[in-house]
Protein chains: 2
Amino acid sequence: MTQKQEQLSKNQQIVLSIIEKAKGPLKAYSILYNVQRRGIKAPLQVYRALEKLIEIGKIHKIKSKNAFIACKNSDCEISKATAFSICNNCEHVKEIKNTKLSKYLSNFEDNSGMKYKKYNLEFFGLCKNCKLKQ
Amino acid sequence: MTQKQEQLSKNQQIVLSIIEKAKGPLKAYSILYNVQRRGIKAPLQVYRALEKLIEIGKIHKIKSKNAFIACKNSDCEISKATAFSICNNCEHVKEIKNTKLSKYLSNFEDNSGMKYKKYNLEFFGLCKNCKLKQ
DNA sequence: TAACAAACGTTATATTATAACAAATTAAGG
DNA sequence: CCTTAATTTGTTATAATATAACGTTTGTTA
């Protein structure tokens, strides 16, 4: 028997697979709509799965959108340190994987010398595509 | 006549004054409850004032809390670049004013060379007080 | 003072999220 | 294998957050 199975439950698997297949962040009720054929009937079933998936770092919540996206980063340490870029035009969201940035933020001390274990950063701008089209 | 009056309307003034007096971030419906004696009766009146106040940089929205806090920073450029520290224990929220950090983030380029005009950063940890008490 | 924009008031409703409770399932140790 | 505890589930109801749509009023500017 290994230490931790981290085996996902049925609902958790269903919700995760929908989020992983998606091209962008999904909203909770859109997930619900998408999984109703698979037996998940109530919002709470979705929210419970989401909560667990966030806890174990499989997905992140994009707070400015109240939407959920799969984690592509093996090293965001159970979702303690997240950074995203968000296009104001097409709403495209991408997780930022940048060692310098994450080191900088993880080591950041505020003016009183206080350090923080966790952060969430959301950048807004125009993605390349949308910039070209302007 | 000056260029821009930036004169706040009645409702905007009422909502702003409540937020400025508060010790921490306020939720929209708590604001509503607090201003009902002053003639504001409906959520929309509060949300409209909030929207405007955010737009002109007088307040910020703490996204992880769905709550609103007065801006103490004269230079956050109409709320384009915001950073907060949030205590996980007492929920104390403070706007971070740190030139190095804001320069670093304003100049940040992602791996594709993309730059962003706007960001929101929320740090989580234990504030000094709560750290001592542990 | 006409014309336009901004703000207002109001009702209704959409969207996002959680409480509470009982039943079913799973993991692990004796 | 059995039992105990923890987790997950299913379900109903409801809380909390936010916006749509409409017509009116106020404020600004030419």
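It should be emphasised that the depicted structure is a prediction, and the values quoted were computed from it without experimental measurement.
For Lys10(A) and dG10(D), the shortest distance from a side-chain N or O to OP1 or OP2 is below 4.0 Å. Taking only side-chain nitrogens and oxygens, Ser9(B) comes nearer than 4.0 Å to OP1 or OP2 of dC8(C). The side chain of Lys52(A) places no N or O atom within less than 4.0 Å of a non-bridging phosphate oxygen (OP1 or OP2) of dT9(D). Within the structure, every side-chain polar atom (N or O) of Asn11(B) is placed at least 4.0 Å from both OP1 and OP2 of dA7(C). Taking side-chain N and O atoms only, Lys27(A) has no distance below 4.0 Å to OP1 or OP2 of dT15(C). Of the side-chain N and O atoms in Tyr47(B), none sit less than 4.0 angstrom from OP1 or OP2 of dT19(D).
Leu44(A) comes within contact range of at least one nucleobase, with a heavy-atom separation under 4.0 Å. Across all strands shown, Gln12(A) has heavy atoms under 4.0 Å from sugar-phosphate atoms exclusively, and none from any base. Looking at heavy-atom distances under 4.0 Å, Lys65(A) makes no contact with the nucleic acid at all.
Both Ile56(B) and Leu50(B) belong to a single network of hydrophobic side chains, linked directly or stepwise wherever heavy atoms of I, L, V, M, F, W or Y lie under 4.5 Å apart. Leu53(B) and Ile18(B) fall within a single hydrophobic cluster, where Ile, Leu, Val, Met, Phe, Trp and Tyr side chains are chained together by heavy-atom contacts under 4.5 Å.
Look at CG on Leu50(A): it is 9 Å from P on dA17(C), rounded to the nearest Å. Here dA17(C) presents its C1' atom at 15 Å from NZ of Lys63(A), a figure rounded to the nearest Å. Leu8(A) places its CG atom 15 Å from the P atom of dT7(D), with the value rounded to the nearest Å. As rounded to whole Å, 17 Å separates atom C1' of dA6(D) from atom CD of Gln7(A). As rounded to whole Å, 7 Å separates atom P of dT11(D) from atom CD of Gln45(A). In this structure, CD1 of Ile40(A) is placed 14 Å from P of dT8(D), rounded to the nearest angstrom. Spacing between atom CG of Asn66(B) and atom P of dT19(D) amounts to 10 Å, rounded to whole angstrom units. Atom C1' of nucleotide dT26(D) and atom CZ of Arg48(B) are separated by 14 Å, given to the nearest angstrom.
Between Tyr104(B) and Tyr104(A), the ring planes lie parallel to each other; the angle is under 30°, not in the 30° to 60° tilted range. Ring geometry for Phe84(B) against His60(B) counts as perpendicular: the plane angle is over 60°, on a 0 to 90° scale with 30° as the lower cut.
Checked by distance alone, Tyr29(B) brings no side-chain donor or acceptor within 3.5 Å of a matching partner on the base of dA15(D).
The distance between the ring centers of Tyr119(A) and Phe124(B) does not fall below 6.0 angstrom.
Nearer to the 5' terminus of DNA chain C, by closest-nucleotide assignment, is the contact made by Gly39(B) (compared with the other of Phe68(A) and Gly39(B)).
The partner of dC2(D) is dG29(C), judged by Watson-Crick or G-U wobble contacts that both fall below 3.5 Å.
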